[in-house]
Amino acid sequence: MTDLLGYRRADGRVGVRNHVLVLATVTCANRVVQRIGQEFPDVACIEQSAGCIALDDDRVIAHRIMSGLAHNPNVGAVCFVGLGCEQTPAALLRGEIGDAKLADSVSIQACGGSDEAVARCREFVLRARRMLAAQAREPFELSELSIATKCGGSDWTSAIASNPAVGIVSDRVVAAGGTSLMGESAGWFGADHILLERARDDAVRARILKVLVRLYEAARQRGTRIDDGNPSPGNMAGGITTLTEKALGGIRKSGESVIEGMLAPGEAPPGKGLWLLDNPSLDPASVAGMAAAGAQIVLFTTGRGTPLGSPICPVVKICASAEGVRRVPGHIDVDITDIVTGGASIASGADRIDRSMCAVANGAPTRSEALGHREFVMPQVGVL
Amino acid sequence: MHADRPIEPAAASPARALPRRAVAMDSRDNVANALEPLEAGDRIDVFGRPVAACTAVPLGHKVAIRNIPAGAAVVKYGQPIGHARSDIEEGEHVHAHNVASLFTDWLSSQTGQADRS
């Protein structure tokens with residue numbers, strides 16, 4: 001494996017990107033954040049679709065996610081922008097950062113309006129850029145890497161080629177002392193017995209079951225079923241018939257490592273190894289949860305092809321479907337179609353993913369970064 | 001059963017006389033994934049056993065490699081992924097039109113599991 005070079009943070013963790021993040025804490029602050037994004041296209045900007053009033057479970061998740069995104073080591077400096085009367089105030093989030101990185105908070109009501117808030121943010125961005133530009137990459141170990149594995153726009157090739165190949169990479173990262181996260185809890189139904197068998201102990205098993213029972217019951221209380229609408233029409237056109245089939249293929253991206261624990265949305269893993277994350281299947285919400293849990297890189301398999309990116313994490317798109325690569329060639333980082341068409345081994349696919357992952361960790365832009373894809377959706381209780 | 005889609009003899013299409021490629025994931029499976037689109041009459045070899053497609057099967061979709069009676073489990077990765085809504089013939093396309101999902105009693109099966117742990 002290539003030497004890894006990243007940005008060492010005050011807390012000892014390492015970023016593979018050196019983002020300035022400007023984060024709205026409520027919808028009312030979105031326009032200010034948009035204006036900063038237009039003025040500084042290199043700045044990672046996140047807008048919100050809520051933040052004013054939410055029931056307590058959603059409020060707790062949103063708080064953890066916003067805090068987690070700001071703490072992600074790929075973020076070198078962060079400015080929180082609020083209106084001043086939101087549920088999770090910008091100043092509170094800024095306080096939680098402490099001295100970990102350059103941080104500020106702006107309240108539109110306190111500073112006199114949108115124009116004034118934009119001026120404050122602009123000043124912060126210019127200062128943060130100068131400071132981060134002076135920072136050089138330093139060597140770091142694979143054990144300091146935290147990856148997340150995700151599949152989206154899955155088809156029949158995801159299960160037989162790209163997910164198992166990513167699973168090998170995940171196992172290698174875990175074996176080297178690193179961290180791997182797998183989310184999409186609603187996508188585990190039908191493969192849950194395998195995850196339960198791989199759990200570290202009964203306490204972990206009980207937490208996995210609790211998450212699944214909550215999702216199942218929530219669907220039932222709404223008069224529907226957990227497999228209603230899942231697999232998606234695209235999954236089905238790609239040969240996936242049932243949620244069970246999709247789940248059995250989907251969990252292969254987590255490899256065969258022991259599952260150390262089950263994390264709540266936005267919760268950071270308390271140790272190394274493989275962790276499950278209770279977060280949505282909806283791609284941008286899922287990746288947001290992974291970034292908030294500290295993932296530096298997302299390994300994302302697709303069969304149908306998807307352009308998705310993230311404001312925080314490079315998303316490496318891996319495709320084993322010749323049809324998918326043909327459909328959206330400009331969105332695929334690692335083409336492993338020869339596993340399906342030409343008899344290449346799954347391990348050779350894993351080697352190519354490894355190489356791409358290391359190059360991306362060292363600064364090579366992913367396709368989604370080059371195209372400016374930075375989708376974000378806040379994970380919430382009702383978002384599957 | 002498939003009067004509307006007659007079985008095309010393999011010999012009728014000399015270019016397709018060679019077996020098509022398909023893959024099954026586990027020796028217990030009763031379905032395989034077609035690695036090439038199949039037409040009725042195409043032959044696949046799965047676990048050294050020839051199976052003749054009796055319907056068209058799109059690329060990557062599942063084809064039955066055994067007869068699957070109505071109500072029986074459709075098995076892939078050695079695991080049930082659904083059950084047959086109707087009798088499925090060896091060689092037939094297997095998808096949402098003839099497979100139902102398994103989630104009618106997930107919670108009761110899990111409650112048993114939770115009690116055991």
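Note that this is a predicted model, so its numbers are computed, not measured. In what follows, chains are A, B, ... by sequence order, proteins preceding strands, each numbered from 1.
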Could you tell me which portion of [X] (side chain, backbone, both or neither) has an atom closer than 4.5 angstrom to a non-hydrogen atom of chain B?
X      : answer
A:I194 : side chain
A:T341 : backbone
A:A237 : backbone
A:I160 : both

Euclidean distance, B:N33 CG relative to A:D155 CG, rounded to 0.5 Å: 9.5 Å
Donor-acceptor pair, side chain of A:Y216 and main chain of B:F103, under 3.5 angstrom: yes
Donor-acceptor pair, side chain of B:K76 and main chain of A:E245, under 3.5 angstrom: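 Absent.
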Atom group of B:V57 that falls short of 4.5 Å from chain A, counting heavy atoms: neither
Minimum heavy-atom distance between A:G249 and B:Y77, given as atom pair plus value: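 Here A:G249 and B:Y77 meet closest at CA-OH, 3.8 Å.
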Largest heavy-atom contact set with chain A, pairs under 4.5 Å, which of B:G82, B:A100, B:S101, B:P80: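 When all of B:G82, B:A100, B:S101, B:P80 are compared, B:S101 has the most.
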Reference residue A:T241; test side chain to side chain contact (heavy atoms under 4.5 Å, CB included); the match among B:H61, B:H97, B:H95: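 Output: one option passes, namely B:H95.
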For a 4.5 angstrom cut-off between non-hydrogen side-chain atoms, does [X] reach [Y]?
X      : Y      : value
B:L102 : A:T242 : no
A:E323 : B:L59  : yes
B:K62  : A:W156 : no

Residues, nucleotides or ligands: over 12 heavy atoms within 6.0 Å of A:R222 CZ: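 Counting neighbours around CZ of A:R222, 12 or fewer heavy atoms of other residues, nucleotides or ligands fall under 6.0 Å, so no.
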